[in-house]
Amino acid sequence: SLGLPEEGDLAQKRLEAKPNRRTAEEDGFVRGEGTLARYFSRADFDALFDADFEALAVGFVERDITNRKQKVTMERRWIQGKYVRR
């Protein structure tokens, strides 16, 4: 099973930890510059595409991204999929 890693994405953890965070909806956060960030469970992601698209490949990508200037390594995770219209 390709379940979402329990740890979540670093950006998601940061937004959830802010005491004065602004939420747009469940799993939706408004960033400081006003853009919306939305985090999906695997089930939510599948539901967005299942009606009109056939999944060719879907999975989680996990990468450690290093900011060399700040000497910080960030754990990033996202869902990536390849679909064709039915």
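Worth saying up front: this structure is predicted, and the values here are computed from it rather than measured. Quick note: residue numbers are just sequence positions, from 1.
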Could you pull out every donor-acceptor pair under 3.5 Å between side chains of residues 46-54 and any protein atom, sequence neighbours left out?
from, atom 1, to, atom 2, distance (Å)
D46, OD1, R42, NE, 3.0
D46, OD2, R42, NE, 3.2

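Between atom OG1 of residue T66 and atom CE of residue M74 there is a gap of 7.0 Å, rounded to the nearest 0.5 Å. In this structure, the separation between CZ on F45 and CZ on F60 is 8.5 Å, given to the nearest 0.5 Å.
Annotation for R68: atom CZ does not count as buried by contact number, only 12 or fewer foreign heavy atoms lying within 6.0 Å.
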